[in-house]
S.K.: 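Here's a structure for you.
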Amino acid sequence: MLEQNYWLTTAEFPAPNADVPPPEAVDVAVIGAGFTGLSAARTLAKHGAKVAVLESETIGWGASSRNGGMVLTGMKLGVNQLISMYGRELTRRMYAASLTSMDCVEQIVREESIACDFSRCGHLEVACKQKHFDDYARQAEVIAREFNHTLRVVPRNELSSEIGSTIYFGGMVDETSAGCNPARYVAGLARAALQAGAEILEHARVQTIQRESRQGETGWKVTTSRGSLWAREVFVATSGYTGSATPALQKKIIPIGSYIITTEVLPEKLALELSPRNRMIYDSKNYLYYYRLTPDRRMLFGGRAAFFPENEQTIRRSAEILRRGMIDVYPQLAGAKIDYVWGGTLDFAFDIMPHAGQIDGMYYALGYAGHGVAMATYQGQKIAELIAGDRPENPFVGIPFPGARLGLYNGKPWFLPLAGAWYKVLDWVS
Ligand SMILES: Cc1cc2nc3c(=O)[nH]c(=O)nc-3n(C[C@H](O)[C@H](O)[C@H](O)COP(=O)(O)OP(=O)(O)OC[C@H]3O[C@@H](n4cnc5c(N)ncnc54)[C@H](O)[C@@H]3O)c2cc1C
């Protein structure tokens, strides 16, 4: 088994010139070369802005190349909870935006001819308890009534048409969700941004950002490990890897580890039995599993096997935990070899919502809570349009962005073991 991201073995990334110093001045400095930052850079460059994307590692190094490639509808929170937090009208706009975010990915893939196996294969949520299944009908009814969007509830006795597992109490299908190869997608986004005229600087960790005027214009001095530049605007797109260069955001985001294994390539007949309609699948627990077939017929199986962000130890431990979880779901895979294991960091806000807008005078978008493939692409584009002077519809701008209660959080998530234990308790009792 290789401790390596399988997707990276399938993708080719552009390699921008590493020897050039940063430009002296730009209209917008984008921090982070993932879906958010690259989607923003592409849009800004197409609007004629001079853009530099500053990335501390390499293109797509963060969650954007490491994820399950599930292009999902909706947000992490259920619709009833959203309505109780924001009311019907704003929730309706948020839900519409989450559907549009998938169209946004599809449109970019088409316009830029990105070969990333994008396919509207739909997703399946499976119920781990009878009461979770009972709730599906209620959710589908609210979503149909309030948002005019159709979900199909699948009772237990019909579930074999969707999944080759007998452990679940039923399921719910959304036909509009999609799947893609995320590493190929983020590499394609980078190519599109470069082609539109943006500059991408790899190994350029942003260390400090300070207010500085230049030729009478207010802006920012951005100091990186490759030198400094002046920017009229700064867009922070650092997601779960947000650090001390932007302390106000760091305090609002909890970095949480998520881990994935992939099996060897499976025989065609077995793959068809496991996932007859090739869905993106996840279960109804808080401590959930998500899984899918890769385009070359491996089972990709992910979950929050350890809560802490990825390191050698958490990755190794996760491989065995996930293998056991996968066999609980699919006993047919007991003999399947695990070829790859890797981890990545998710970005959770304290209210588990995406957030975007301005903080301390800088633009930002983050808080995707495991639903970032579509939403990060969309937010990158929308915030770029805002910076370019348009007034795009974006219901996530301006919603309250809570920090830790009593301010007891400095960006170092000491409470993660407690949170992990708490989620396990919730899964027993709810
Ligand atoms: C294991 C895993 C599975 C997931 N599965 C799914 C899924 O199936 N579907 C889904 O919708 N979402 C999924 N997600 C979430 C999704 O991948 C993220 O929400 C999305 O990739 C966020 O994109 P981003 O561009 O905002 O951030 P990232 O891709 O994380 O990019 C942030 C970048 O910022 C850079 N950076 C940080 N600090 C600095 C600095 N000071 N200077 C310069 N650069 C800096 C980092 O190096 C990094 O490359 C998953 C995430 C993980 C980890």
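Heavy-atom basis, side chains included; hydrogens, waters and symmetry copies ignored. One is the number of the first residue; the rest follow in order along the sequence. All ligand and atom numbering here is 1-based and tracks the order in the structure.
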S.K.: Phe35 heavy atoms, cut-off 4.0 Å: which ligand 1 atoms fall inside?
M.R.: 20 (C), 21 (O), 25 (O)
S.K.: Would you tell me which option among Met70, Arg292, Met280 has the nearest heavy-atom contact to atom 9 (N) of ligand 1?
M.R.: Met70
S.K.: So, 4.0 Å and heavy atoms of Gly243: is ligand 1 close enough to count as a contact?
M.R.: no
S.K.: Given that the side chain starts at C-beta and the backbone is N, CA, C, O, which of these parts of Leu54 lies under 4.0 Å from ligand 1, counting heavy atoms, or is it both or neither?
M.R.: backbone
S.K.: For Ala365, which part has a heavy atom under 4.0 Å from ligand 1: side chain, backbone, both, or neither?
M.R.: neither
S.K.: Using a 4.0 Å heavy-atom cut-off, which part of Glu55 comes near ligand 1: side chain, backbone, both, or neither?
M.R.: both
S.K.: According to the ring pair (Phe, Tyr, Trp, His ring centres under 6.0 Å) rule, which pairs have a member within residues 226-252, sequence neighbours left out?
M.R.: Trp61-Tyr241
S.K.: Quick test of your reading of the structure: of Ser64, Gly344, Gly302, whose heavy atom lies closest to atom 23 (O) of ligand 1?
M.R.: Ser64
S.K.: Checking Glu125 against Met280 for the side-chain contact (heavy atoms from CB on, under 4.5 Å) test, could you report, in this order, the C-alpha distance in whole Å, the side-chain angles of both residues, the deciding distance, and whether it holds?
M.R.: CA-CA 8 Å; Glu125 180 176 341; Met280 305 289 114; over 6 Å; no
S.K.: Is any side-chain heavy atom of Leu72 closer than 4.5 Å to one of Val373?
M.R.: no
S.K.: Closer than 4.0 Å to some heavy atom of Gly69 - which atoms of ligand 1 meet that?
M.R.: 8 (O)
S.K.: For Ala204, counting its heavy atoms only, list the atoms of ligand 1 lying under 4.0 Å from any of them.
M.R.: 43 (C)
S.K.: Within ligand 1, which atoms have a heavy atom of His371 less than 4.0 Å away?
M.R.: 10 (C), 11 (O), 12 (N)
S.K.: Run the numbers for me: atoms of ligand 1, each under 4.0 Å from some heavy atom of Tyr290, listed by number.
M.R.: 1 (C), 2 (C), 3 (C)
S.K.: Any side-chain donor-acceptor pair under 3.5 Å between Asp390 and His47?
M.R.: yes
S.K.: Does Phe401 have Lys252 sitting over its ring (NZ/CZ under 6.0 Å from centre, angle to axis within 45°)?
M.R.: yes
S.K.: Does ligand 1 have any atom that is closer than 4.0 Å to a heavy atom of Thr345?
M.R.: yes
S.K.: Any atom of ligand 1 sitting under 4.0 Å from a heavy atom of Leu346?
M.R.: yes
